[in-house]
J.: 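Would you mind keeping the following structure in view while I ask a few things?
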There are 2 protein chains.
Amino acid sequence: METDGSNVAGGDEIQELKSKIKLQGEKVRALKSLKTDQGTVDAEIATLLDLKKQLASITGEDGSAKSKSKFTLKTPKGTRDYNEKEMAIREKVFSTIVSVFKKHGAVTIDTPVFELKEILSGKYGEDSKLIYDLDDQGGEKCSLRYDLTVPFARFLAMNGSQYQNIKRYQIAKVYRRDQPAMTKGRMREFYQCDFDIAGVYDPMIADSEVVKIMCECLTALDIGEYIVKINHRKILDGIFQICGVPDASIRPISSAVDKLDKLPWEDVKKEMTEEKGLDPNIADRIGEYVKLKGNKELLDKLFLDQSLISNINAKTGLNDMVLLFKYLEIFGESKDGNQIVRKTKKDSDELDETTVGVGSIAAGGRYDNLVGMFVSNKKGNIPCVGVSIGVERVLSILLQKVALEQVKANEVEVYVMAVADGLLEDRMKICSELWDAGIKAEFMYKNKPKLQPQFSVCDRDQIPFAVIIGRDELNRGEVRIKDMRSKEQGEGGGASIKRSDMVNELKKRLGKA
Amino acid sequence: METDGSNVAGGDEIQELKSKIKLQGEKVRALKSLKTDQGTVDAEIATLLDLKKQLASITGEDGSAKSKSKFTLKTPKGTRDYNEKEMAIREKVFSTIVSVFKKHGAVTIDTPVFELKEILSGKYGEDSKLIYDLDDQGGEKCSLRYDLTVPFARFLAMNGSQYQNIKRYQIAKVYRRDQPAMTKGRMREFYQCDFDIAGVYDPMIADSEVVKIMCECLTALDIGEYIVKINHRKILDGIFQICGVPDASIRPISSAVDKLDKLPWEDVKKEMTEEKGLDPNIADRIGEYVKLKGNKELLDKLFLDQSLISNINAKTGLNDMVLLFKYLEIFGESKDGNQIVRKTKKDSDELDETTVGVGSIAAGGRYDNLVGMFVSNKKGNIPCVGVSIGVERVLSILLQKVALEQVKANEVEVYVMAVADGLLEDRMKICSELWDAGIKAEFMYKNKPKLQPQFSVCDRDQIPFAVIIGRDELNRGEVRIKDMRSKEQGEGGGASIKRSDMVNELKKRLGKA
């Protein structure tokens, strides 16, 4: 049971929060001193800040409990607001990603935020417990979408005859009831930017374009260096077979290998042998393979491994990888960063972000049988491959690079102000003319604003130009245009021009002429 | 209880659906012959189509029940997918609206799709029963947002010190558990495009800009003629007072007046007198006022009504209206279409879409006390005024005007194809060059595609240019560029140019040079 969201702030609750905060603070300090990875530390700091916020929300300035009549003013756990400056950055991220998607011919579709519960059932294994259900208020049982992949597969199954081939992107929020201690900074409501290619094609062509697109996005977003890890389910299957893993152990052993991103080999081996009863010799043989990392040269080396390429699964997987690397090279994306890493998921080729660990910002893979789960006729199945970019992680990287207070959130180009007498109606009239001309303009909603507050708005909102009017100038049919980025003319400055030339002059200065 | 979403399609269910469809068909025909308003008819047709869809989903081609093992493949009731062509139109609608909002200096914020249940409680009167709750899975009680106004007010209350003045827009989905018979075509998940101005300003300035913005949006969306109806709560209060409505009856009588958009005066009067016990003479006096419609001339006339302007509420309201009309005139929006219509809501000045009736596509108003409901200190209150545009209604108008099959959903500019031998790697290489140059390009994911299917893609997706390669031309260092919109050269046509000039030539033809 969670305790936040409670309406009543009693002394007990305050004491409990205070001791939680103390413990959490100690935990953060301990993790820092142990040089734990940044993602984990960030998550624990987030938890600490959340606790402090809860405390602040139920106590007054003197630390005593607030009036019980007011409830806690907050967003639900694991969700957050985005203010106008954060949104300005997020919109830039989205438009960067969308322009890459569109360059590759993608269209977009939209699906509802909730699906029939049975659509999502059986698609997420043990993570199904993280699905948000809607309350049973009569009628259908519904759940919030957990990702965009299952709804896309449902869409294809419903409309398959028209969508044998489609490249689609979808940028939308998904919902997961993760516990903060498990999520390591992950939100319960977060965006996914998905690009998927559905259809039957010749091998690895669509797969390589998906990788290419992901690389183009990450490069365009300018998030710094990144590594792309590529696996093939069949290679891992082959490795397990030649190492002698009994069929019944393949799933548990796969899930142990999955943890190699977060745990050292010793811990993974311990799980294989002590928890899951694998022969330690077999574990060591697996270890020889799964510890390997590399790029094309590793592929060449693995082809010399006779026992490996004598296995049909491994050989098929390795051949696919050769093709994929050749295509990536053509696409100019086969750099040192593209690593072959052997990983797997329980039920599919898919390498999704839940398995990649804290540091991953994008993940994808094939899901050749998902659409088939929704159709009775196997001919209705459509194989798919795609990638999902987690924009919250990208945002947090970008937000560290910019000074948020310097972000210009609104796009106002011209502020219309009066030097005296208010001149409200004249300011409104001029603004209206500017709007009609497609110029982004504002004025102060006061009958008689003082001069200084009007200048302050220009400063605060980084508005490049001001149109300044005074009674005498208006009578002469003139206005002044002032470049607010240059201060040389002082507050009274700016060039007087004919009122009838105002729009053209501003358009010229704004590069809109 | 609803019956859709059931897993099992029995013979009983099929019979039940068939008789429902028969009844609904009769209802639609009856409404049509009675010349009922189009909105109501459309809603009943939507219900009919929904029933037919349900039947189709549980029966095979021969009309018999499908296998019981497959569940119904559909989106939840009241929700729908948007395909790529519908999305292309929707995105154009959004970008049109956003560009108007930004021209007026708005920033955007984002809030979670669900809020703490207590945040929404008590904000929607009897409509609260339409709120979707999340299932109690432990932790906080949450509900899907019902509109964007209450979350914005919650945001302001939480961050008020930084947001004493803000113009913000938000375009996002909201959720209402309306019953189809009540909704008249309304969805349970639908978009709202909200623009709001928060802050303390001089009277009616922000209000008039809100009306101006709404008019600019509707004009830019090119939806045809529209009427803006404007009311003032205080005028209606004054009318009730001078007509002699007892204080205790003001709420019920207000709610009767609200129905004037949907019902004739006679029915409203009947509700006032027979159901709500109002003296018929008082009702008749109210009738004299609420039947009035008009623009500025009506205002002038009302000022001559001594009994009306002797009432302080009515006079205040009328003075505000004079100011509003003056400002709208300055903004160029005081045309014949701006009507003064006396309407009210129970608790506020707000004139929202639920009160305006089926035909309305946008609505707004003041909500001066909503933020104050979230703060303990009355000084934390921030008055607001805003407008909400219902994009589904706009979309349905626009979708009637366009031939959906002719909408170009993807933006591909160049299709790279081979005349023979497949030449996959060369096509990939050329595509990659085009992508690097910012040109939107595609190729077919086949090793050896035939020529005709490649041309078919160009036709289907209305791709303007093709780069056509053949082995001989590649050996000569040449490619052909073909304008796919002109057919004169035949399928083999197109101008041969040097491979090294390809990107520049395409950029020139695409107007990107």
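Quick caveat, the model's predicted, so the values are computed rather than measured. Within every chain, numbering begins at 1; the chains are lettered A, B, ... in the order of the sequence lines, protein sequences first and strands thereafter.
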J.: For K173(A), which atoms come within 4.5 Å of any heavy atom of chain B: side chain, backbone, both, or neither?
T.: side chain
J.: Output the option from K446(B), K102(B), Q137(B) having the highest count of non-hydrogen pairs under 4.5 Å with chain A.
T.: Q137(B)
J.: Where does Y169(B) contact chain A at under 4.5 Å (heavy atoms): side chain, backbone, both or neither?
T.: side chain
J.: Can you see whether F94(B) has R90(B) sitting over its ring - NZ or CZ less than 6.0 Å from the centre and within 45° of the normal?
T.: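 Verdict for F94(B): no cation-pi partner in R90(B).
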J.: Holding to side-chain contact (heavy atoms from CB on, under 4.5 Å), I want the full list of residues that pass it with D461(B), two or more places apart in sequence or in another chain.
T.: N410(B), E442(B), V457(B), I463(B)
J.: Report which part of A106(B) has an atom under 4.5 Å of a heavy atom belonging to chain A: side chain, backbone, both, or neither.
T.: backbone
J.: Looking at chain A, which one of P203(B), G105(B), S432(B), P112(B) has the largest number of heavy-atom pairs inside 4.5 Å, strictly under?
T.: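 Among the listed options, the one with the most contacts to chain A is P112(B).
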J.: H104(B), E425(B), M87(B): which one forms the most heavy-atom pairs within less than 4.5 Å of chain A?
T.: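 Option with the greatest count: H104(B).
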J.: What part of L424(B) gets within 4.5 angstrom of chain A, counting heavy atoms only: side chain, backbone, both, or neither?
T.: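 It is the side chain, since no backbone atom gets that close.
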J.: Any side-chain donor-acceptor pair under 3.5 Å between Y201(A) and N165(A)?
T.: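 Yes.
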J.: Just verifying a value: how many Å separate L134(B) CG and L116(B) CG, rounded to the nearest 0.5 Å?
T.: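 Answer rounded to 0.5 Å: 10.5 Å.
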J.: If you tally heavy-atom pairs under 4.5 Å against chain B, which of Y82(A), W435(A), F443(A) wins?
T.: W435(A)
J.: Based on non-hydrogen pairs under 4.5 Å, which of I109(B), D110(B), I330(B), L144(B) is most in contact with chain A?
T.: D110(B)
J.: May I ask you to name which of T111(A), V412(A), I439(A), V113(A) has the most heavy-atom pairs under 4.5 Å with chain B?
T.: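 The option with the most such pairs is V113(A).
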J.: Do you know which of V107(B), I205(B), D436(B) has the most heavy-atom pairs with chain A at a distance under 4.5 angstrom?
T.: I205(B)
J.: Measure the OG1-CG distance between T79(B) and D81(B) for me, rounded to the nearest 0.5 Å.
T.: 7.5 Å
J.: Taking the side chain as everything from C-beta on, heavy atoms only, tell me whether T108(B) gets closer than 4.5 Å to F101(B).
T.: no
J.: Among the options M204(A), K326(A), E433(A), K167(A), pick out the one with the most heavy-atom pairs lying under 4.5 Å from chain B.
T.: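 Max contact count across the listed options: K167(A).
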J.: Identify which of M158(A), K117(A), E91(A) forms the greatest number of heavy-atom pairs closer than 4.5 Å to chain B.
T.: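 Most heavy-atom pairs within the cutoff with chain B belong to M158(A).
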J.: Below 4.5 Å from any heavy atom of chain A, which atoms of Y175(B) appear? Answer side chain, backbone, both or neither.
T.: side chain
J.: So which of M444(A), R80(A), K448(A), E413(A) has the biggest tally of heavy-atom pairs under 4.5 Å with chain B?
T.: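 Of the options given, most contacts go to R80(A).
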J.: Answer yes when K141(B) and D136(B) have at least one side-chain N-carboxylate O distance shorter than 4.0 Å, and no when they do not.
T.: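 Yes, K141(B) and D136(B) are salt-bridged.
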J.: First locate atom CE of M428(B), then atom OH of Y445(B), and finally report the distance between them rounded to the nearest 0.5 Å.
T.: 8.5 Å
J.: Between E140(B) and K77(A) (salt bridge meaning N to carboxylate O under 4.0 Å), is one present in this structure?
T.: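 No.
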J.: Side chain from CB out, backbone as N, CA, C, O: work out which of these in I213(B) comes under 4.5 Å of a heavy atom of chain A, or both, or neither.
T.: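 No part of it gets close to chain A.
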J.: Which bit of K85(A) is near chain B, if near means a heavy-atom gap under 4.5 Å: side chain, backbone, both or neither?
T.: neither
J.: Which one of E86(A), E209(A), E115(A), K429(A) has the most heavy-atom pairs closer than 4.5 Å to chain B?
T.: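 Of the options given, most contacts go to E209(A).
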J.: Can you tell which part of Y163(A) gets under 4.5 Å to a heavy atom of chain B, answering side chain, backbone, both or neither?
T.: side chain
J.: Side-chain contact test, heavy atoms from C-beta onward, threshold under 4.5 Å: evaluate it for F374(B) versus L156(B) and give yes or no.
T.: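 In short, these two side chains do not touch, never coming nearer than 4.5 Å.
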J.: Checking S208(B) against chain A: side chain, backbone, both or neither under 4.5 Å from a heavy atom?
T.: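 The answer is the side chain of S208(B).
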J.: Can a donor-acceptor pair be found between the side chains of Y132(A) and E189(A) at a distance below 3.5 Å?
T.: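 Not at all, the side chains of Y132(A) and E189(A) share no donor-acceptor pair under 3.5 Å.
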J.: May I ask you to test the C142(B)-D133(B) pair for a side-chain heavy-atom distance under 4.5 Å?
T.: no
